[in-house]
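Single-structure report; data block below.
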Protein chains: 2
Amino acid sequence: MSSRLFQCAPNLSEGRNPQLFSAVQQAMQGMPGVAMTDLSMDHDHHRMVVSLLGQADGLREAVLRLFEIASQNIDLSKHAGVHPRIGAVDVVPFVPLGSTPMEAAQAVALSTAQEVAARFELPVLLYEYSARNPAHRNLPDLRRQGLQERLLENAPDFGPVQLHPRLGATVMGARKPLVAFNVVLESQDLALAREIAKFLRGLPSVRSLGLWLESQRRVQVSINLTDPERVDLEEVFSHVSEQAALRGVAVHSSELIGMAPAASFVKMARTRLKMLTVQPGQLLEWNLLNQESLYER
Amino acid sequence: MSSRLFQCAPNLSEGRNPQLFSAVQQAMQGMPGVAMTDLSMDHDHHRMVVSLLGQADGLREAVLRLFEIASQNIDLSKHAGVHPRIGAVDVVPFVPLGSTPMEAAQAVALSTAQEVAARFELPVLLYEYSARNPAHRNLPDLRRQGLQERLLENAPDFGPVQLHPRLGATVMGARKPLVAFNVVLESQDLALAREIAKFLRGLPSVRSLGLWLESQRRVQVSINLTDPERVDLEEVFSHVSEQAALRGVAVHSSELIGMAPAASFVKMARTRLKMLTVQPGQLLEWNLLNQESLYER
């Protein structure tokens, strides 16, 4: 592909305000060079995930615009949700697509982080492939309690060492694709959901939490697949189903948050349709990312 | 998308010659502006399906190159396979992708058809969205016995009214995406495969045949989905499994020939993973076809 393309998935800590949802929708639809491909809001997680695709300049502008909207609408000090969080704009990952190198994602994450910290006066921590401080690399570590104390020990990469009173802090960086996938159980037993989440954490490249969904009065196993080619949707779903069934509990439903690469679905065809030899490249759209020659004349 | 992109899937009536497979592979890899995204060869069908993506000029050149290779290597008069066929290069569909209009696919099909007929002196029939003669619109109709007789009644769109001695005739045209999908049964009962194929033909937008696979000594239900958003892989697979199970027969395996759009797989997630609200747009690569703004600066 001749132009460098990225996915960017800012997570905002607000999942209960339909006006904010509309405001984000409108603002993102007007951004040149950026496509908002999904927007999801969850009441219980109290979280919004904005899925963007685009080139570096457009995405940087889109993220700055989201910070403006967040600074006018979100007060983290009054926030309560089941999902762990650090800031009003909680985390902003940049993912290189196709032949775009990771270094290009690092560059756009860095320039965006600098500008956000300066303009909004809040601490920004660089994580994953952008981490300068090894203690900042892993998001679940950053989300543990006591961020303010840890900021005093380990300075943020940009901005003040004090959490912003309404916006908290922000984690930003380049990373590989990640699939966010939740499985809801026909059960109110939070201990059960946590047990299954713990079981899943025994698999490679899987992060998982057991959560209570007040709006549904059911429990949820909330899952991140950090290497979806290794452990995919089909595999974790089967594990959750089996583990729940062992305890006499059925799966109610599942949901994909934001976007997932096509390959996550192709593996399912191998198992469920006994499609023994199917390759990701047989997914028409997969090739649009991976065949550079298509866009050169 | 700023440049007009097409899929093109020439079907060659030769599925038993590994040297031809290599020759096609090499030739297509050298074509500028064209990506060969899949190449499949089937012994029993005696057929090769070349999956190409690219812009108009590159694809026209690629198709001409395939005719050259076919004219040097295939003699249809000595051909035997279970798949119905008309020519050495049997059918050449052009599918507009993303925002590319059907008219653009009609234009490249037309210019390619004219050039092929003139250069290789064989009858070319325009089908589907390119059909000028309603009797040529539907491929299964063209494949019924007696093509030579029917050419004398209904002249081909280009080229002579006489079938080429080695290359036969060629069907070419613009069409919508089509998914080619085969399900192999743990059975040698061809009547059973034909019964299931007949059952499937009762579904909208499904074409199906029961075939004998000598190489596996099993029967196959060979399926074309002409509107995969309407009836998808998951749905036909379930029907075949159920119909076979009613007769005490299991499914051995399935295979996708060439490429399928991502949406074919997303519906499976809805059923199999109970992913109630998943949208095709949540497939990362889907958006690369459908978000024009990504490629504009």
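Below, chains carry the letters A, B, ... as their sequence lines are ordered, and counting in each starts from 1.
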Stepwise side chain to side chain contact (heavy atoms under 4.5 Å, CB included) test for A:Leu273 and B:Met268 = CA-CA 9 Å; A:Leu273 305 187; B:Met268 181 165 47; 3.6 Å; yes
key: Closest-packed option against chain A by number of heavy-atom pairs under 4.5 Å, given B:Val183, B:Val251, B:Thr277   = B:Val251
message = For A:Gln243, is the CD atom crowded, meaning more than 12 foreign heavy atoms sit under 6.0 Å from it?
response = yes
ask   = Within a radius of less than 6.0 Å around CD of A:Glu235, do more than 12 heavy atoms belonging to other residues, nucleotides or ligands occur?
value = yes
Proximity breakdown for A:Leu97 and chain B, heavy-atom pairs closer than 4.5 Å = side chain
key: B:Met275 vs A:Phe181 side-chain heavy atoms within contact, under 4.5 Å   = yes
ask   = Just wondering, do B:Val278 and A:Glu255 contact through their side chains at under 4.5 Å, heavy atoms?
value = no
B:Ser253 versus chain A, the contacting section by heavy-atom distance below 4.5 Å = both
query = Are the side chains of A:Met259 and B:Asn287 in touch, meaning some heavy atoms are under 4.5 Å apart?
reply = yes
message = With a 4.5 Å cut-off on side-chain heavy atoms, are A:Glu285 and B:Leu284 touching?
response = no
ask   = Looking at A:Ala260, A:Ser51, A:Ser40, which makes the most heavy-atom pairs under 4.5 Å with chain B?
value = A:Ala260
message = I'd like to know which of B:Gly258, B:Ser264, B:Gly281 tops the heavy-atom pair count under 4.5 Å against chain A.
response = B:Gly258
message = How close do A:Asp38 and B:Gln282 get, counting heavy atoms only, and between which atoms?
response = OD1-CG, 3.7 Å
request  = Quick one: closest heavy-atom pair of A:Lys274 and B:His252, and the distance?
outcome  = CD-O, 3.8 Å
request  = Please say whether more than 12 non-hydrogen atoms of neighbouring residues, nucleotides or ligands are located less than 6.0 Å from CZ in B:Phe237.
outcome  = yes
Side chain, backbone, both or neither of A:Thr37 within contact of chain B (heavy atoms, under 4.5 Å) = both
inquiry  = With a 4.5 angstrom heavy-atom cut-off, is it the side chain or the backbone of A:Glu234 that approaches chain B, or both, or neither?
reply    = both
